[in-house]
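Report on the structure given below.
Being a predicted model, the structure only gives us computed values, none of them experimental. Residues: numbered from 1 along the sequence shown.
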Amino acid sequence: MSEAGPVLLATALLKDYPMNGETVHALRGVSLRVHRGDYVAIAGPSGSGKSTLLQLIGGIDTPSSGSVEILGTRLESLKDRELTRLRLTRLGFIFQRFHLLPVLTARENVELPMAEAGLGGAERRARARELLAYVGLGGRADHRATQLSGGEMQRVAIARALANRPAVLLADEPTGELDAATGQEILDLFRRLNADGTTLVVVTHDQRLAAEAGRVIHMLDGRILGD
């Protein structure tokens with residue numbers, strides 16, 4: 001695929017779940033194209049399918065039908081080990097509740113995905129410190145996660161997501177656990193990330209975050225209403 005092609009391409013995604021003897025249609029034929037440098041917000045009420053869509057395009061879950069491609073590679077064509085490697089090296093994930101390891105320092109948390117990818121110790125440490133400085137936490141690199149505020153933990157999580165230079169950064173309600181002022185710091189950081197060339201796809205209820213994005217995709221009942 002050429003550089004002009006989409007970084008992420010989802011085609012006709014369906015996702016059904018059995019529940020209490022019935023079938024829940026979480027996604028009903030969703031298609032999405034994301035190009036390098038896009039900043040996309042996926043918005044909609046709870047149960048609209050936006051988090052399900054993020055899980056499918058991130059290779060965390062599999063669709064009932066349809067396909068997802070990252071940089072031209074169809075996820076359903078990959079074996080488990082290949083899919084794990086693609087998620088590790090081509091996708092960055094940011095979660096609402098940070099998922100930092102509390103016994104590790106900020107730097108050690110950022111180093112984890114690089115260690116899994118096989119980078120050497122000196123390179124890992126240098127990049128972790130560079131990323132922590134980028135997100136404004138250069139002075140907190142050796143603090144354990146339990147010594148950080150919620151906003152600081154989320155910035156460490158963002159640095160960790162960037163560690164292996166992903167093609168796409170995926171975020172699920174990244175301001176959901178933060179107060180308004182701290183959430184604004186994360187919005188400012190996302191704006192800077194995108195200005196520096198990072199491709200972002202963010203699921204959010206936060207209208208301020210959606211307003212920052214270059215594209216807003218509105219979902220309802222498992223369908224895209226507008227893009």
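When all heavy atoms are compared, the tightest approach of A161 to I94 is CB-CG1, 3.8 Å. Looking at every heavy atom in both residues, L132 comes nearest to A106 through CD1-C, 4.0 Å. Nearest heavy-atom pair across F190 and P174 is CE2-CG, 3.7 Å. The two residues L200 and N194 have their closest heavy-atom pair at CD1-CB, 3.9 Å. Across all non-hydrogen atoms, the minimal contact from P113 to L88 is O-CD1, 3.6 Å. For L131 against A163, the heavy-atom pair with the smallest separation is CD1-CA, 3.6 Å.
Put simply, the side chain of R87 gets close to the backbone of G59: a donor and an acceptor are under 3.5 Å apart. A distance-only check finds a donor-acceptor pair linking the side chain of Q147 to the backbone of R144 [under 3.5 Å]. Within the 3.5 Å criterion, the main-chain N or O of A12 finds a donor-acceptor partner in the side chain of S31. Remark: side-chain polar atoms of E212 are not paired, donor with acceptor, to backbone N or O of L187 under 3.5 angstrom. In this structure, R90 contributes its side chain and P166 its backbone to no donor-acceptor pair below 3.5 Å. Between the side chain of T199 and the backbone N or O of V168 there is no donor-acceptor pair closer than 3.5 Å. Counting only distance, with no hydrogens or angles, the side chain of Q154 and the backbone of F95 share a donor-acceptor pair below 3.5 Å. Judged by distance alone, the side chain of T89 and the main-chain N or O of R85 form a donor-acceptor pair under 3.5 Å. Of the possible donor and acceptor atoms, none in the side chain of D61 sits under 3.5 Å from a partner among the backbone N and O of L56. A donor-acceptor pair is defined here as one N or O able to donate and one able to accept, closer than 3.5 Å; no such pair exists between the side chain of N109 and the backbone of L100.
Using a 4.0 Å cut-off between charged nitrogen and carboxylate oxygen, R208 and D206 count as a salt-bridge pair. With respect to the salt-bridge test (charged N to carboxylate O, under 4.0 angstrom), the residues D142 and R129 qualify.
Taken to the nearest 0.5 Å, the CZ atom of F93 stands 4.5 Å off from the CD1 atom of I60. Separating the CD atom in Q96 from the OG1 atom in T204 is a distance of 9.5 Å, to the nearest 0.5 Å. Here the straight-line distance linking atom CZ of R33 with atom CG of D227 works out to 11.5 Å at 0.5 Å rounding. Of the inter-residue distances, the one linking E82 atom CD with T84 atom OG1 reads 10.0 Å to the nearest 0.5 angstrom. Rounding to the nearest 0.5 Å gives a distance of 3.5 Å between CZ of R165 and CZ of R127. Between atom CG of residue D188 and atom CG of residue L193 there is a gap of 11.0 Å, rounded to the nearest 0.5 Å.
Under a cutoff of 6.0 Å and an axis angle of 45°, R192 and Y134 form a cation-pi pair.
The side chain to side chain contact (heavy atoms under 4.5 Å, CB included) test with E173 is passed by exactly one of V202, V203, L178, L54: V203. R124 pairs in a salt bridge (Lys or Arg N to Asp or Glu O under 4.0 Å) with only one of the listed residues (E108, E111, E116), which is E111.
The closest side-chain heavy-atom distance from L220 to P45 is below 4.5 Å. Within the 4.5 Å cutoff, the side chain of E177 has heavy atoms near those of the R97 side chain. Put simply, the side chain of P63 does not reach to within 4.5 Å of the side chain of L14, judged on heavy atoms. Put simply, the side chain of Y17 reaches to within 4.5 Å of the side chain of T52, judged on heavy atoms. At least one side-chain heavy atom of M219 sits less than 4.5 Å from a side-chain heavy atom of I42. Side-chain contact between R215 and L32 is present, with heavy atoms from C-beta onward closer than 4.5 Å. The closest side-chain heavy-atom distance from V110 to V156 is below 4.5 Å. Side-chain contact between E152 and E185 is absent, with no heavy atoms from C-beta onward closer than 4.5 Å.
The hydrophobic clustering, which links ILVMFWY residues whose side-chain heavy atoms are closer than 4.5 Å, places L209 and M153 together. One hydrophobic cluster, built from ILVMFWY side chains closer than 4.5 Å, holds both L83 and V68. L78 and I57 end up in the same hydrophobic cluster when Ile, Leu, Val, Met, Phe, Trp and Tyr side chains are linked at under 4.5 Å. There is no path of hydrophobic side-chain contacts, each under 4.5 Å, that joins Y39 to V34. Using a 4.5 Å cut-off between side-chain heavy atoms of Ile, Leu, Val, Met, Phe, Trp and Tyr, with links allowed through other members, V216 and L170 fall into different hydrophobic clusters.
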Please test L169 against L162 for side chain to side chain contact (heavy atoms under 4.5 Å, CB included), starting from the C-alpha separation and ending with a verdict. CA-CA 8 Å; L169 201 59; L162 293 168; 4.1 Å; yes
Under the side chain to side chain contact (heavy atoms under 4.5 Å, CB included) criterion, do L91 and L86 qualify, and how do the steps go? CA-CA 7 Å; L91 299 171; L86 182 141; 4.1 Å; yes
Residues I158, I186; criterion side chain to side chain contact (heavy atoms under 4.5 Å, CB included); working and verdict: CA-CA 9 Å; I158 292 169; I186 300 303; 4.1 Å; yes
Please test R28 against D221 for salt bridge (charged side-chain N to carboxylate O under 4.0 Å, His left out), starting from the C-alpha separation and ending with a verdict. CA-CA 8 Å; R28 304 167 185 255; D221 294 334; over 6 Å; no
Under the side chain to side chain contact (heavy atoms under 4.5 Å, CB included) criterion, do R36 and D38 qualify, and how do the steps go? CA-CA 6 Å; R36 195 177 304 277; D38 280 356; over 6 Å; no
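Between H143 and R140, the side chains place a donor N or O and an acceptor N or O closer than 3.5 Å (distance only, hydrogens not considered).
More than 12 heavy-atom neighbours from other residues, nucleotides or ligands sit within 6.0 angstrom of CG on D196.
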